[in-house]
> 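Quick one: structure below, then a few questions.
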There are 2 protein chains.
Amino acid sequence: MQSAASPQWVRSPDDLTARARLRDAAIDCFAQRGFAASVREIAQRAGVSQGLIRHHFGGKDNLRAECDEEVFRRFREIKGEGLAMSPGQAIGMLSQLEEFGPTFVYILRSVLDGGVVGRAFVEHLIVDTELFMEQAVRAGTVRESRDPSGRARYLVTSALGSMLVQLTLSPEIDLSDVGNAIQRLTGAFALPSLELFTEGLFVDRSMLDQYLMQIPDPPAAGRDIHPPA
Amino acid sequence: MQSAASPQWVRSPDDLTARARLRDAAIDCFAQRGFAASVREIAQRAGVSQGLIRHHFGGKDNLRAECDEEVFRRFREIKGEGLAMSPGQAIGMLSQLEEFGPTFVYILRSVLDGGVVGRAFVEHLIVDTELFMEQAVRAGTVRESRDPSGRARYLVTSALGSMLVQLTLSPEIDLSDVGNAIQRLTGAFALPSLELFTEGLFVDRSMLDQYLMQIPDPPAAGRDIHPPA
DNA sequence: CGGAAGGCTATACAGCCGTATAGTTTCTTG
DNA sequence: CAAGAAACTATACGGCTGTATAGCCTTCCG
């Protein structure tokens, strides 16, 4: 991870080339107003003329593609390549970084939009989560699953999707302060999720056993990981 | 619930007034192409001129408002007023109904959009889920929670959000056959969710107990519901 | 110094959007 | 039947979008 100082991609706007300022302005606009933000709006925020967008990027689509690359590059840079962490940790950390705010909102928007960054981001989280769970299983803190990949995908999409639903359905939340919003959400869901992760939901095993009985083959591993008490 | 016959709001297009045909065409368009669908597109699908939209509804916003009402009315009609069911059951049932497809996609779009129908739909599911869980707790099949409302909200937003993330991130899924897509998703997540609901995730109670110790007051009820073994 | 190259701007264009207006048809009703 | 109301259409308007074109102005290099 980076030191307490700003990451290298945060600098005074004057130091950047107009091309980079244009790209960063586009990222901010896309995060704040959605991908329907107009090129005029972006150019105005960058303090240049709109024609410059065409000159440098050729068109809006190419501009967005470069924004996608840049956003995912920042994500990888902050997260660190090899560091496996739980999705909760990762999102909590990311949302707390002041200057990462717009970038994070951009990613969320891309997820809702079905964009390439969104997909890459989610798949990245899933892979990392599966790794993290694998370590936790070996460490003896997390139960083994009959379908480790499916469980990682389920956990990531649930956690992320829950946040997205809550964020989109809460008009009072301003996306400019996502860190705060995320923390409030995770706070509200801490107890229910800890209960579920610790005690489960059902008092007996009948639903699970019934399912295991009726399917011919579980997706992975054996089916008797936790022998009945 | 309705009999096997089509619900009353499905009839031959000729039987409907142009106003109703316009509204239904708008629902289909909004579901298929998103809320950015143009009034000309809607009018064309309804087989009328675009001016008629203004004549009958005054503008696009009012038209969408009436679509919202109609969609939520259909949802309530199919679901049944007093019937409490789990979110899984409800969504599974709804998505299976052939003619409910566009209506369901409309609701999903409204959730992603932050629309009023989306919010109403989610809140409705949350209330129903809390009721359902309350019954299940009394019946002795589901564990009591220290925060029943929070748990219901957590379960609904997780399940729904997970589906939404998967749907938006899968370009190969055509929204015209949502029933199939939903069933595939629930199928893929059946085992991980049943595992989680039955066995939990953690092997011990340390995380939960640590949390219960450090917070001054749980949101609801006492904190010693499941005494340590 | 001079000229070419590229960063940059101003302006125009075609297309779509939602909306407005005027006019025509169809139905209803006295 | 006739007259008025309602349903419906055709067309136009202003505004926004992304894109294209022509030209200015700085900068760099021979």
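To find a chain, count down the sequence lines: A is the first, B the second, and so on, and within it residues start at 1. As the structure is a prediction and not an experimental result, all values here were calculated from the model.
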> To the nearest angstrom, how far is A/R21 atom CZ from C/dG7 atom P?
14 Å
> Let me know the distance between CG of A/L22 and P of D/dG18, rounded to the nearest Å.
13 Å
> Output yes when B/E70 and B/R74 qualify as a salt bridge under the 4.0 Å nitrogen-oxygen rule, no when they do not.
yes
> Do the side chains of B/R45 and B/I42 get nearer than 4.5 Å, heavy atoms only?
no
> So B/A37, base contact, sugar-phosphate only, or nothing? Heavy-atom distance under 4.0 Å.
sugar-phosphate
> Regarding A/R19 and the six-membered ring of A/F57, is the cationic atom NZ or CZ under 6.0 Å from the ring centre and inside 45° of its axis?
yes
> Of the candidate nucleotides C/dA10, D/dC8, C/dG7, which contains the atom at the shortest distance from the side chain of A/S49?
C/dA10
> Find the distance A/Q44:CD to C/dA10:C1' and express it as a whole number of Å.
15 Å
> Taking atom C1' of D/dT19 as reference, at what distance in whole Å does atom CG of A/L63 sit?
14 Å
> Between A/H56 and B/A36, which is nearer to the 5' end of DNA chain C once each is assigned its nearest nucleotide?
A/H56
> For D/dC8, does either OP1 or OP2 sit under 4.0 Å from a side-chain N or O belonging to B/H55?
no
> Classify B/A43 by what it touches in the nucleic acid, base, sugar-phosphate, or nothing, heavy-atom distance under 4.0 Å.
nothing
> Nearest-Å distance, CZ (A/F35) to C1' (D/dT17)?
18 Å
> Work out which heavy atom in A/F189 is nearest to a heavy atom in A/S162; give both atom names and the distance.
CE1-OG, 3.3 Å
> Does B/F30 reach the side chain of B/R109, with side-chain heavy atoms less than 4.5 Å apart?
no
> Distance check needed: C/dC16 C1' versus B/I42 CD1, whole Å only.
15 Å
> Is atom CD of B/Q44 surrounded by more than 12 heavy atoms (other residues, nucleotides or ligands) closer than 6.0 Å?
no
> Can you name the one residue among A/Q50, A/Q32, A/R33 that meets side chain to side chain donor-acceptor pair (under 3.5 Å) with A/E41?
A/R33
> Figure out the CG/P separation between A/L52 and D/dA20, and round it to whole Å.
15 Å
> Rounded to whole Å, please give me the gap between CZ in B/R64 and P in C/dG18.
13 Å
> Pick out the pairs of N or O atoms, protein on one side and nucleotides 19-22 of chain C on the other, that lie under 3.5 Å.
residue	atom	partner	partner atom	Å
C/dT19	OP2	B/K60	N	2.9
C/dA20	OP2	B/R54	NH1	2.1

